[in-house]
Amino acid sequence: MKRLACFFLSCVMAATILTGCGNQSEKEGNTAENVESQAEKKEKVVVACWGNQMLDGYNQYLCDQFPEVEFEFVLAANSTDYYRFRKDHDDMPDILTVRRFAMKDAVLLKDYLYDLSNTELANTYYGSYLDSYTYNDGSVNWLPTCAEVDGIIINKTLFDEHDVPIPTDYESLIAACEAFEAVGIRSFVSDFSADYTCMEVLQGASIPVLQSIEGRKWRQKYESGATRELSEEVWLPVFENFFDFREKVGLGAEDASYPNGTPKEMFSEGTVAMFRGTGADVISFPGRGQDEVLLLPYFGQTERDNWYLTYPAFQIAASNKGMDDPAREKLILDIMTAMVNQQGQDHISYGKNMVPYKKDVTLELMPEMDNLKPYVEQNKLYIRLASNEMFRISKDVVQMILNDEVKTPKEALVAFNKELAGEEPGTEIVAHIDTGYSNDFTPEHGNQAASAIANTIRALSGVDLVFMQSCYVASDIYSGDYSRNDLAYLAKNDGGWPGLMELTGDQIYTLVEKTLSMTGNRGAVCNDSTLYVSSGFEMDITKNDGGYALNALTMDGRELDRSASYSFLIYGDRDWYMSKIMEEMGISKVDTTGPKAEEYLMQRIVEQGGQLEAPSDYIILR
C-alpha cells in the first residue's frame, strides 16, 4: 500500500477554508435552495461505474465535457447481474459499465438496453471486435473500451543480476523458475485468493488449447447457452497444464491465501522474480524502484504458442429508458461517444498500457510493453472467458488444487462440472427491508441511502465516527425481499475498504479539508453524487466554482471538539485515496482488515434479522 503512494498523481490543494468569511446576508444568498435550483436546470444522467478507477479523473472529465448535465455516479458491483437487480426494481441507470462480461450473462438484459448497431458510435469499431458483441438478430447492446493486457510480469534486472535467461517458451519459463529457487528467490507467485487470478492463470496457461478449433466451438456453445459443462476434449488438457505448472513452480496452500497486495509487495522487495499482472501493474510496481520490468505473455510449448490474455477495461451500454426522446437519445449517445473516443480512452489508459478496439483511437504503449506489439499485429490476444460462474468456479477449483483437495486433472474437471450443473449460490430470499431510502443527493438531507448504511456501519462497528464516499452505495435501498446476492449489490464493489484509525478533532478537520480539495485521485469529489457521507458528525460545506470547501464540523449541532480523540472509520479506496491522505497527514496506523460494507449488511439484516439504522441529515450544502 505504501508502495502505491509513490505513483499517485499529484493532488492540487486548492480549497479555501471559508469559516468566518463573509457576512450572514451573503451566506443566505447561497442556500441549499439556491444550490438545488441550479441543479434542477441541468439534465440528470445516472452513470453506474464498474469500479473506482472511474473516479480517478474519468468522471471529472465527463463533468467537464458536459457542464449542462447533472451526473449521478454510483459504484456498481462489477457484474451484469447487478443490472438485473436494478431492472427488477425498474431502476436502470442511464449508462451502464461493467468489466466482468460474457454474452452468456448479458443476453438476459437484452430487451432493456438500447440497440447501438446502427449508430455512428458502433461504426467506429473494428468489425472483428464488434462481431463479439453482436447478437444473432444483428443488434448490439454493449461496446468495449480499450483492452487491458494480462500476462507474466518479470523483474528483468533481477534476471540479469542472476544470469537467468529471459523465458521464450514454457520450457525456458520452468528453467528460469528452477534457477531462481536455487538461489533462494521465489520464482513466481500470484494472488490466488482472488477469483480473477485463478481464472486468468487457469486459462492463460492453456490459451493454444482454448483457441483451437474444438476450443472455439465449445466456447460458442457455452456462450450461447447450448451447454453447461466443460468439454473433456478441451478442458482436461487445461487442467493437466495447470497441474504441471503448479508442481514445477511449487505452488501450494500458502499461495491460495495470498491477497492482491502480497505478490506485489514481494516483487517490490526483490524477493520474487515474477507474478501475474497487467499493464497497470507494470506502472505501479517497477520492482525495487529502479528495476527494469517487462510484461511477458503466457508461454506455450513453442514461441508460436505464446499468447497474451486480454479483456476490455470495461464495456458500456445504455438503458432503453427515455431513449424515445430524440434530444435525450442524442445526449446519451454523445456522452457514450465521449467515454470511448480518443480523449476518453486517454483517461482510461493514462499509463500507456492498453490496446484500442476502435479505428479512430491510437494508444501509445510504454517501453516496458514494446514486446506486445508483434502480438497485436499477429492478433495473438486471447479474450478471456469471463462469465460470472466462470469467475466463481475457477476460484473454487483452483483453490482445491492448491490445497490438495483434488488430486488429478480429471478430478478437477469433474469438480468444475459439478458446480456448473448446480444452482448459483446466494439467490434464495433471506431478508426483508421494511423502509426504502433514495440514493439521490439533496443539499438539505444528503444521500439518505448512503446515510442509512453509514449509520449501520457505525452502530455495528462501535466506532465514534464514519466517513464514507456516498457513491459507494450503488442504488436506492428498495423496500421488499432480498437474496444475499441482491442485498450485497446495495454496497458491493471492488474498491471499497474500511480504514480504522484514531484521530483528534483537529486531524478530522484536516482530513475532510484535504479530501474535498483532492483532485486526480480515486477518492476525489467531482460533484454532489461523489461527496462523502458522515455518521456521528455533521458537515457544513460550500459549493463554489472551484469545487467544495469546508465551513464547519459539528456533533449534534455543536462544533466538533478539535482536542478530543475519536475512533474514525473511513470507507473508500484503500490503495490510492487512503494512502495519499495518510501520507500527507503523517498517519501510519490504519487498520484495513475490518468487514466491508456488504458484510455489515449481512450481519444486521440476515444474521440479526434487523433493519438498517435510520438516515440522518448529515450535511448542509451552501
Side-chain angles (χ1 to χ4, degrees), residues 3-4 6-7 146-181 183 185-191 196-197 200-201 203-205 207 245 248-249 260-311 313 349-355 363-382 384:
R3 194 79 195 165
L4 278 171
C6 299
F7 306 97
C146 41
E148 185 80 74
V149 182
D150 184 287
I152 298 175
I153 297 178
I154 74 163
N155 185 330
K156 183 179 182 297
T157 304
L158 208 59
F159 272 75
D160 293 342
E161 287 174 2
H162 294 276
D163 295 321
V164 177
I166 305 299
T168 58
D169 55 23
Y170 183 69
E171 184 178 352
S172 58
L173 171 68
I174 298 305
C177 290
E178 292 170 350
F180 279 114
E181 298 290 346
V183 295
I185 296 174
R186 279 293 304 269
S187 57
F188 176 90
V189 297
S190 204
D191 52 334
Y196 52 83
T197 291
E200 285 158 13
V201 175
Q203 293 183 29
I207 293 175
F245 181 68
K248 290 178 178 175
V249 175
N260 178 266
T262 299
K264 295 169 181 176
E265 290 171 5
M266 296 169 69
F267 190 76
S268 298
E269 293 164 356
T271 58
V272 68
M274 297 176 277
F275 74 103
R276 182 217 64 82
T278 66
D281 294 325
V282 172
I283 300 169
S284 300
F285 301 96
R288 293 162 292 185
Q290 300 300 319
D291 291 338
E292 182 181 357
V293 299
L294 298 174
L295 179 64
L296 299 183
Y298 287 97
F299 294 106
Q301 296 304 315
T302 70
E303 287 190 56
R304 293 191 303 275
D305 298 321
N306 298 345
W307 289 73
Y308 283 92
L309 183 146
T310 68
Y311 48 89
S349 183
Y350 60 86
K352 300 180 180 179
N353 61 310
M354 295 188 182
V355 178
L363 298 177
E364 181 184 350
L365 289 173
M366 57 188 171
E368 293 87 344
M369 296 181 66
D370 277 347
N371 50 310
L372 176 65
K373 291 178 180 177
Y375 289 85
V376 175
E377 294 167 359
Q378 298 168 38
N379 199 24
K380 299 291 287 294
L381 303 175
Y382 167 78
R384 70 184 185 183

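Fair warning: this is a prediction, and the values are worked out from it, not measured in the lab.
Ion pairing of Arg288 with Glu161 is present here, as a side-chain N (NZ or NE/NH1/NH2) and a carboxylate O approach within less than 4.0 Å. Of the charged side-chain nitrogens involved, none lies within less than 4.0 Å of a carboxylate oxygen, so that Asp291 and Lys156 do not count as a salt-bridged pair.
Rounding to the nearest 0.5 Å gives a distance of 11.0 Å between CD1 of Ile152 and CG of Leu309. Expressed to the nearest 0.5 Å, how far CG of Leu296 lies from CE of Met274 amounts to 9.0 Å. Rounding to the nearest 0.5 Å places CG of Asn155 at 9.0 Å from CD1 of Ile185. Rounded to the nearest 0.5 Å, atoms CG (Asp305) and CD1 (Ile207) are 10.5 Å apart. Atom NZ of Lys373 sits about 14.5 Å away from atom CD of Gln378, to the nearest 0.5 Å. From Ile283, atom CD1 reaches atom CE of Met369 across 8.0 Å, with rounding to the nearest 0.5 Å.
The number of heavy atoms from other shown groups lying within 6.0 Å of CD (Glu171) does not exceed 12.
Looking at heavy atoms from C-beta onward, Trp307 lies out of side-chain contact with Tyr298 at the 4.5 angstrom threshold. Counting only heavy atoms from C-beta outward, the side chains of Val282 and Ile153 approach each other to under 4.5 Å. Looking at Glu181 and Val183, their side chains never come closer than 4.5 Å, going by heavy atoms from C-beta outward. The side-chain heavy atoms of Leu173 and Phe245, taken from C-beta on, include a pair separated by under 4.5 Å. With contacts defined as side-chain heavy-atom distances shorter than 4.5 Å, the pair Asp281/Lys264 qualifies. Taking 4.5 Å as the limit, some side-chain heavy atom of Ile166 sits within range of a side-chain heavy atom of Ile154.
For Phe180 and Phe188, the distance between ring centers is not under 6.0 angstrom.
When every heavy atom of Ser268 is checked against every heavy atom of Phe285, the shortest pair comes out as OG-CD2, 3.7 Å. Between Ser187 and Val249, the shortest heavy-atom contact is OG-CG1, 3.8 Å. Taking both residues in full, the closest heavy atoms of Leu363 and Met354 are given as CB-O, 3.7 Å, listed atom of the first, atom of the second, then distance.
In terms of modelled atom types and a separation under 3.5 Å, the side chain of Tyr308 and the main chain of Leu295 share a donor-acceptor contact. With Lys352 contributing its side chain and Pro367 its backbone, the two residues share no donor-acceptor pair below 3.5 Å. Side-chain N or O atoms of Thr157 include one that pairs as donor or acceptor with a backbone N or O of Glu292 at under 3.5 Å. Using a distance-only test at 3.5 Å, with no hydrogens or angles considered, a donor-acceptor pair links the side chain of Asn306 to the main chain of Thr168. A donor-acceptor distance shorter than 3.5 angstrom exists from the side chain of Thr310 to the backbone of Tyr382, with no hydrogens or angles considered.
Applying the salt bridge (charged side-chain N to carboxylate O under 4.0 Å, His left out) criterion to Glu269, with sequence neighbours excluded, gives no partner residue. Scored by the salt bridge (charged side-chain N to carboxylate O under 4.0 Å, His left out) test, Asp169 finds no partners at all (sequence neighbours excluded). Partners of Glu368 by salt bridge (charged side-chain N to carboxylate O under 4.0 Å, His left out), not counting sequence neighbours: none found.
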message = I'd like to know whether Phe267 forms a ring-ring contact (aromatic ring centres under 6.0 Å, His included) with Phe275, so could you lay out the CA-CA distance, the side-chain angles of the two residues, the decisive distance to 0.1 Å, and finally the verdict.
response = CA-CA 8 Å; Phe267 190 76; Phe275 74 103; 4.9 Å; yes
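For the 3.5 Å distance criterion, the side chains of Asp191 and Tyr196 qualify, holding a donor opposite an acceptor.
Of the listed residues (Gln203, Glu148, Glu200), just one forms a side chain to side chain donor-acceptor pair (under 3.5 Å) with Arg384, and that residue is Glu200.
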